[in-house]
Number of protein chains: 2
Amino acid sequence: MAYADQYIDKLRKSGLRPTKQRIKICEVLFDADKTFHFTIKELVKIIENQANIKVSLATVYNTVHAFMKKGYLKEIPLNASQSYYDTNVSHHHHFFDEEENKLIDIHQEDVDEVKIKRTIPGKKIRSVEVIAKIVSDNQSQK
Amino acid sequence: MAYADQYIDKLRKSGLRPTKQRIKICEVLFDADKTFHFTIKELVKIIENQANIKVSLATVYNTVHAFMKKGYLKEIPLNASQSYYDTNVSHHHHFFDEEENKLIDIHQEDVDEVKIKRTIPGKKIRSVEVIAKIVSDNQSQK
DNA sequence: TAATACATTATATTTATTCTAAACTGTTGA
DNA sequence: TCAACAGTTTAGAATAAATATAATGTATTA
Ligand SMILES: [Mn+2]
Ligand SMILES: [Mn+2]
Ligand SMILES: [Zn+2]
Ligand SMILES: [Zn+2]
């Protein structure tokens, strides 16, 4: 299946018609060699740089939300004033570099399974995420 | 040391003068039998209900931030449009009930130490937090 | 008590996000 | 062929959390 067809497929499955703007969003999100993390503002900037298409904020938000609902994108819980999204939808964890404000993936196999001994009656666990905040290691201070 | 003195102590150590408003904030935050989680809006509501003191939003934000800086409060990373704070500043983890939008503590001893095998050169880990999202367990669906 | 530094407050500002409503587009079927 | 319709895009407005401002009030200390 060609890339464009994959995008059209993802869009259709998300309940969206494949329009010029939405396919451009797909190209940026799903054509990358690697998965990546982004904020909406960053995504808009990438689109503006890569294409001569103008895409409105509203369309970007709507499309990102539709993809999230379908599981093609994940939102990363971070204490920030803006949302971070992830094109890596596999189960994994994160470092958050507090100085660079950057997320770094930690593959699932690099963390022993998180075993929680406590349960809440009537509730089940839907996901477990680890966030390790990192800062510069100034070895000077021993 | 009497409660009020403890509050005055906390305030002074946070670089704040002990004023009527700030002592009231302390009463709500640190006089509870148990630690708890709150949003700024909730905190303001509690103060309004418990006291006939009016405290402005600005004062609440400033005081909460000063306490955070000093380590008397923690901010919980949650994917939400508003910040959640925690009066439990010990190292622990959380359930987040996605239906009730409520945080529940998981004591450190209820989670095996999270061992991360990957390291980032020049960086050191400052904190590791686990967030387990929970939802109703409709046992009907096997 | 007076001078000073700090605090409180109402209000304005900022910023991410969501909403709205008007213009536009692609599809369908008479 | 083209009118009707459903869905789309967009600029701009609305919302809401958080922060900044600046005038007024209060605690501190000499
Ligand atoms: Mn969202
Ligand atoms: Mn903050
Ligand atoms: Zn990731
Ligand atoms: Zn907690």
Side-chain angles (χ1 to χ4, degrees), chain A residues 4 7-8 10-28 37-48 51-70 73-86 101 103, chain B residues 4-5 7-28 37-48 51-70 73-85 101:
Chain A
Y7 303 153
I8 290 171
K10 273 196 159 77
L11 288 166
R12 286 248 150 82
K13 284 185 174 154
S14 304
L16 300 175
R17 285 185 185 167
T19 64
K20 206 169 45 175
Q21 290 83 353
R22 286 168 178 167
I23 287 172
K24 182 68 217 169
I25 292 172
C26 285
E27 279 173 27
V28 171
H37 309 100
F38 64 93
T39 65
I40 293 290
K41 220 160 90 179
E42 287 165 354
L43 179 53
V44 168
K45 199 168 291 173
I46 295 169
I47 292 171
E48 280 175 355
N52 23 21
I53 288 174
K54 170 76 172 55
V55 181
S56 73
L57 251 191
T59 296
V60 172
Y61 271 105
N62 289 340
T63 308
V64 164
H65 276 132
F67 284 154
M68 281 222 299
K69 197 168 160 193
K70 194 64 192 175
L73 290 176
K74 268 204 316 189
E75 205 165 3
I76 306 300
L78 259 195
N79 175 43
S81 49
Q82 60 190 332
S83 288
Y84 281 72
Y85 301 91
D86 199 339
N101 264 56
L103 279 163
Chain B
D5 291 340
Y7 302 154
I8 290 171
D9 193 54
K10 273 197 159 76
L11 288 166
R12 286 248 148 83
K13 283 185 175 155
S14 304
L16 299 175
R17 285 183 182 167
T19 64
K20 206 168 47 179
Q21 290 83 354
R22 286 167 178 168
I23 286 171
K24 182 68 218 169
I25 292 171
C26 284
E27 279 173 28
V28 172
H37 308 100
F38 63 94
T39 64
I40 292 291
K41 219 161 91 180
E42 287 166 356
L43 179 54
V44 168
K45 200 169 289 173
I46 295 170
I47 292 170
E48 280 174 357
N52 22 21
I53 288 174
K54 170 78 174 54
V55 181
S56 73
L57 249 193
T59 296
V60 173
Y61 271 106
N62 290 340
T63 307
V64 164
H65 275 131
F67 284 154
M68 281 223 296
K69 198 169 160 190
K70 193 64 191 176
L73 291 176
K74 268 204 316 188
E75 204 165 3
I76 306 299
L78 258 195
N79 177 42
S81 49
Q82 61 192 329
S83 287
Y84 281 74
Y85 301 92
N101 263 55

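By convention in this document, chain letters (A, B, ...) are assigned in the order of the sequence lines, proteins followed by strands, and residues within each chain are numbered from 1.
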Would you kindly give the CD1-to-P distance between Ile53(A) and dT25(C), to the nearest whole Å? 14 Å
Strictly below 4.0 Å: does His65(B) bring a side-chain N or O up to OP1 or OP2 of dT19(D)? yes
Nucleic acid contacts of residues 56-63 of chain A, taken as heavy-atom distances under 4.0 Å to DNA chain D: Ser56(A), Ala58(A), Thr59(A)
Any Arg22(B) side-chain nitrogen or oxygen under 4.0 Å from OP1 or OP2 of dA7(C): yes
What does Lys20(B) touch in the nucleic acid at a heavy-atom separation under 4.0 angstrom: a base, only the sugar-phosphate, or nothing? nothing
In whole Å, what is the span from the CD atom of Glu75(B) to the P atom of dA18(D)? 8 Å
Inter-residue atom distance Ile53(A).CD1 - Thr59(A).OG1, 0.5 Å rounding: 11.5 Å
For dT26(D), take OP1 and OP2 only and decide whether either is under 4.0 Å from a side-chain N or O of Gln21(B). no
Would you kindly compare Pro18(B) and Ile40(B) by the position of their nearest DNA chain D nucleotide and give the one closer to the 5′ end? Ile40(B)
Any side-chain N or O of Gln82(A) below 4.0 angstrom from OP1/OP2 of dA17(D)? no
Counting C-beta onward and ignoring hydrogens, is there a side-chain heavy-atom pair between Ile40(A) and Tyr85(A) closer than 4.5 Å? yes
Nearest-Å distance, NZ (Lys24(B)) to P (dT9(C))? 14 Å
Over all strands shown, is Arg12(A) touching base, sugar-phosphate only, or nothing at heavy-atom distances under 4.0 angstrom? nothing
Of all the choices, dA7(C), dT10(D), dT8(D), which nucleotide is nearest to the side chain of Thr19(B) once you look at every atom? dA7(C)
Atom CD1 of Ile8(B) to atom P of dA7(C): distance rounded to whole Å? 14 Å
Would you call Lys24(B) and Glu27(B) a side-chain contact if the rule is heavy atoms closer than 4.5 Å? yes
Spacing of Leu16(A) atom CG relative to dT8(D) atom C1', expressed in whole Å: 10 Å
Could you pull out the closest heavy-atom pair between Leu103(A) and His37(A), with the gap in Å? O-ND1, 3.5 Å
Between Tyr84(B) and Arg17(A), name the one whose nearest nucleotide on DNA chain D is closer to the 5' end. Arg17(A)
Interatomic distance where CG belongs to Leu11(A) and P belongs to dG7(D) [whole Å]: 16 Å
Would you please confirm or rule out a distance under 4.0 Å between OP1 or OP2 of dT17(C) and any side-chain N or O of Ser83(A)? yes
Hey, what do you get for NZ (Lys54(B)) to CD (Glu48(B)), rounding to the nearest 0.5 Å? 6.5 Å
Hey, what do you get for CZ (Arg22(B)) to CG (Leu16(B)), rounding to the nearest 0.5 Å? 4.5 Å
At what distance, to the nearest 0.5 angstrom, does CG of Leu73(A) lie from OG of Ser14(A)? 9.0 Å
Rounded distance in Å - CG (Asn101(A)) to C1' (dA16(C)): 15 Å
Quick one: is Lys41(B) getting a side-chain N or O under 4.0 Å of the dA17(D) phosphate, OP1 or OP2? yes
Decide salt bridge (charged side-chain N to carboxylate O under 4.0 Å, His left out) for Lys45(B) and Glu42(B); before the verdict, give the C-alpha distance in whole Å, the side-chain angles of both, and the deciding distance to 0.1 Å. CA-CA 5 Å; Lys45(B) 200 169 289 173; Glu42(B) 287 166 356; over 6 Å; no
